[in-house]
Amino acid sequence: MTQTSPIVLLLSGANLNLLGDREPEIYGTETLADHVAASTEKAASHGLLIEHLQSNAEADLIDAIHGARSRCAAIIINPGAFTHYSWAIHDALASFAGPIVELHLSNPATREEWRHTSVVSPVASGTIAGFGGNGYRLAVEAVAGLLGI
Ligand code: DQA
């Protein structure tokens, strides 16, 4: 991959560092590293470069979004539980000009009531949810389509 490949920022929010171990009946047995590897491979097939950050701290995710402005071509974000209440992440994403794909392993719409609200959805180009680990590849495909690559 050359340095001129467009960069897609993949952001993983709270508790996603525990994937593989955390509630595998809901989130599967693959680790976050597995998902990043799958995303990276799919991205490479489109000439895109994945840059990944996981953090349990809202501020780190916000800083990464700021850093992506005019540097990254697109953002894929699974905010974890921040999805449901972080207006600060909403506002940071609103400042990003490129495509934004909201991603969830599970389908929050079929789960507890409090998960039915996403404050990220209004500023996302679209949402991929409920397809487990395959969602990471689908999200990269969605980004490639939105970028016209
Ligand atoms: C999640 C869904 C959220 O409701 C939850 O808080 C997560 C993971 C998902 O990928 O399914 O941490 O974003």
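Because only heavy atoms are used, hydrogens play no part in the values below, and waters and symmetry mates are left out as well, while side chains stay in. This is a predicted model, so every value here is computed, not measured. As the structure lists them, so they are numbered: ligands from 1, and atoms in each ligand from 1.
- Between Thr83 and ligand 1, no N or O atom pair is found at a separation short of 3.5 Å.
- Distances from atom 6 (O) of ligand 1 to the heavy atoms of His35, Glu23, Arg115 show the closest one on Arg115.
- Two residues are said to be in side-chain contact when any heavy atoms from C-beta on lie closer than 4.5 Å; Asn78 and His104 meet this criterion.
- Counting non-hydrogen atoms of neighbouring residues, nucleotides and ligands closer than 6.0 angstrom, the CD atom of Glu41 reaches no more than 12 such neighbours.
- In this structure, the protein non-hydrogen atom closest to atom 4 (O) of ligand 1 is His84 NE2, 2.7 Å.
- Atom 9 (C) of ligand 1 has its closest protein heavy atom at Leu105 N, 3.4 Å.
- For the side-chain contact (heavy atoms from CB on, under 4.5 Å) test with Leu49, the passing option among Thr40, Ile7, Thr4 is Ile7; the others fail.
- The protein heavy-atom contact nearest to atom 1 (C) of ligand 1 is His104 ND1, 3.7 Å.
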Handout entry: Ser12/His52 under side-chain hydrogen bond (donor to acceptor under 3.5 Å, both in side chains): CA gap, chis, key distance, verdict
Key = CA-CA 8 Å; Ser12 303; His52 176 247; 2.7 Å; yes
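- Ligand 1 has no N or O atom lying under 3.5 Å from any N or O atom of Trp114, backbone or side chain.
- Residue-ligand proximity, Arg22 to ligand 1, at heavy-atom distances under 4.0 Å covers atoms 7 (C), 12 (O).
- Between atom OG of residue Ser106 and atom CZ of residue Arg111 there is a gap of 4.0 Å, rounded to the nearest 0.5 Å.
- One side chain, Ser118 or Glu102, offers a donor N or O that lies under 3.5 Å from an acceptor on the other.
- Nearest-residue assignment for atom 2 (C) of ligand 1 (options Gly135, Ser106, Ala81; heavy-atom criterion): Ser106.
- Of the N or O atoms in Asn78, one or more lie within a sub-3.5 Å distance of an N or O in ligand 1.
- In this structure, Tyr27 is part of the shell of residues with a heavy atom less than 4.0 angstrom from ligand 1.
- Glu112 does not count as a contact of ligand 1, since none of its heavy atoms falls under 4.0 Å from the ligand.
- Under the 4.5 Å side-chain heavy-atom criterion for ILVMFWY residues, no single connected hydrophobic cluster contains both Leu147 and Phe96.
- Distance check, rounded to the nearest 0.5 Å: CD1 of Ile62 to CG of Asp91 gives 8.5 Å.
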